[in-house]
Amino acid sequence: MTTNIPVIAVDGPGGAGKGELCLRLSRKYGFAILDSGAIYRVLAYAAIVKDIALDNEDELANLAANLNLEFKEIDNQVAVLLDGENVSSHIRNEQAGNAASKVAVLPKVRAALLQRQRDFQKLPGLVADGRDMGTVVFPNATAKIFLDASAEERARRRVKQLQAKGLEADYDAIYKEIAERDQRDRNRPVAPLKPAADALELDSTTLSIEEVVNKAIEFVATKIK
Ligand code: DC
């Protein structure tokens, strides 16, 4: 990257609180957000709709290269549009996350999505949310944060979120899915989930969101003047 447009890279497993942290950082600095997980989720969704197997690397890479995807604010929320259709409700569930994690293992798929993610780096700056923002997509990011939390705590948070929406939530099933997804994301050969060498590592297991945000902002302030 030859630009000095600031990027705050926030990586970590699902459920650690990255989404909320990214939102708070984006408000503080007036930066846009790249939700890279949503891109993998939409790709997996598009593949299922088109009946493409989630391990068919060549077809998935071709689909990724031609994905007509757009993020758009609708009713104060960021909606994800695929071919102009709002697919947000289809991609924000456990099943879609799991499918995304499967297509995300494939190197040709990751390569096909690389430039698309980098194109989000625009003035005044970007908060990039994902698994490999600080390691692969934006290796020269201005500030890198790796936000983790125990799988047990992340499962408890997910259960609470679902219950708050009035939905059924089975802790054991959710814990199992989280553990499986972690295993796949952390152990894949290309762009595995791991902290960049120069990332601030935060463990949110016993921290409130305010504590996480304060620590992150303190760190980012040392990097963005
Ligand atoms: O952050 P998320 O739960 O929306 O991500 C869904 C899946 O997408 C995640 O399990 C792995 C994959 N992913 C990835 O491989 N690289 C990213 N930068 C973001 C997500």
Side-chain angles (χ1 to χ4, degrees), residues 7-23 25-26 32-48 54-55 57 60-61 63-64 67 69 71 77-80 82 87-121 126-139 141 144-149 151 153-155 157-158 161-162 174-196 199 204:
V7 175
I8 305 173
V10 180
D11 291 305
K18 284 176 294 151
E20 180 65 19
L21 175 59
C22 287
L23 196 62
L25 288 169
S26 83
I33 295 180
L34 163 61
D35 176 359
S36 62
I39 301 179
Y40 288 95
R41 284 170 184 260
V42 169
L43 175 65
Y45 172 74
I48 291 166
L54 298 182
D55 59 356
E57 184 163 11
L60 287 167
L63 186 63
L67 205 61
L69 164 81
F71 291 95
Q77 287 201 325
V78 179
V80 187
L82 172 65
V87 295
S88 308
S89 64
H90 299 297
I91 64 162
R92 297 284 172 215
N93 54 51
E94 249 36 76
Q95 215 189 349
N98 232 337
S101 164
K102 287 183 186 159
V103 300
V105 166
L106 306 168
K108 286 184 191 169
V109 165
R110 302 199 73 85
L113 294 175
L114 200 53
Q115 191 54 44
R116 187 187 287 263
Q117 295 173 82
R118 289 184 176 155
D119 288 343
F120 280 81
Q121 187 177 11
L126 182 69
V127 181
D129 174 334
R131 303 289 186 289
D132 60 342
M133 299 295 101
T135 50
V136 176
V137 181
F138 301 108
K144 301 179 186 177
I145 296 166
F146 190 88
L147 185 60
D148 212 339
E153 175 60 17
R154 287 183 284 129
R157 289 178 191 168
R158 186 71 187 135
Q161 269 178 357
L162 291 170
I174 289 174
Y175 176 82
K176 191 167 162 261
E177 273 176 1
I178 285 180
E180 258 174 38
R181 187 131 75 92
D182 276 7
Q183 164 78 7
R184 193 160 43 229
D185 292 351
R186 289 184 204 265
N187 295 308
R188 65 186 175 216
V190 175
L193 170 64
K194 64 164 192 222
S204 77

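As the structure lists them, so they are numbered: ligands from 1, and atoms in each ligand from 1.
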(Q) Among Leu82, Val78, Val80, exactly one meets side chain to side chain contact (heavy atoms under 4.5 Å, CB included) together with Ser88. Which residue is that? (A) Val80
Q) Which is it for Ile39 and Phe71 under the side-chain contact (heavy atoms from CB on, under 4.5 Å) test, yes or no, and what are the steps along the way? A) CA-CA 10 Å; Ile39 301 179; Phe71 291 95; 4.1 Å; yes
Q | Shortest heavy-atom approach to atom 18 (N) of ligand 1 - which of Leu113, Ile91, Val103, Asp132 | A | Asp132
Q. Under a 4.5 Å cut-off applied to non-hydrogen side-chain atoms, are Lys18 and Met133 in contact?
A. no
Q) With a 4.0 Å cut-off on heavy atoms, does Gly14 reach ligand 1? A) no
Q: Starting from atom 7 (C) of ligand 1, find the nearest protein heavy-atom neighbour and note its residue, name and distance.
A: Ala100 CB, 3.6 Å
Q. Which residue supplies the protein heavy atom nearest to atom 12 (C) of ligand 1, what is that atom called, and how far is it?
A. Ala104 CB, 3.6 Å
Q) Does a donor on one side chain and an acceptor on the other come within less than 3.5 Å for Arg181 and Ser101? A) no
**Q.** Exceeds 12 heavy-atom contacts within 6.0 angstrom, atom CD of Glu180
**A.** yes
Q | Shortest non-hydrogen separation from Asp129 to Ser36 and the atoms involved | A | O-OG, 2.6 Å
Q | Geometric N/O contact Arg41 with ligand 1, under 3.5 angstrom | A | yes
Q. Which ligand 1 atoms does Arg188 reach within 4.0 Å, using its non-hydrogen atoms?
A. 14 (C), 15 (O), 16 (N)
Q.
When you compare ligand 1 with Tyr40, is there at least one nitrogen or oxygen pair between them that comes in under 3.5 angstrom?
A. no
(Q) Between Arg158 and Gln161, do the side chains contain a donor N or O and an acceptor N or O under 3.5 Å apart? (A) yes
Q.
If you compare all heavy atoms of Ala128 against all heavy atoms of Val7, which two are closest, and at what distance to 0.1 Å?
A. CB-CG1, 4.3 Å
Q) Which of the numbered atoms in ligand 1 are below 4.0 angstrom from a heavy atom of Asp185? A) 9 (C), 10 (O), 11 (C)
Q.
Restricting to non-hydrogen atoms, name the atom on Leu193 and the atom on Arg188 that form the minimum distance, rounded to 0.1 Å.
A. N-NH2, 4.5 Å
Q) So which heavy atom in the protein is nearest atom 20 (C) of ligand 1, and how far is it from that ligand atom? A) Gly37 CA, 3.5 Å
Q) Short list, please: which atoms of ligand 1 are under 4.0 Å from a heavy atom of Met133? A) 18 (N)
Q: Could you check atom 6 (C) of ligand 1 against the protein and tell me its nearest heavy-atom contact, residue, atom and distance included?
A: Arg181 NH1, 3.5 Å
Q) In terms of residue, atom name and distance, what is the protein heavy atom nearest to atom 19 (C) of ligand 1? A) Ser36 OG, 3.4 Å
Q. Going by heavy atoms, is Arg110 under 4.0 Å from ligand 1?
A. yes
Q: Could you point out which residue of Arg116, Arg110, Gln115 forms a side chain to side chain contact (heavy atoms under 4.5 Å, CB included) with Leu113?
A: Arg116
Q: Answer with side chain, backbone, both or neither: which part of Glu94 has a heavy atom less than 4.0 angstrom from an atom of ligand 1?
A: neither
**Q.** Sub-3.5 Å N/O-N/O distance, Arg131 and ligand 1
**A.** yes
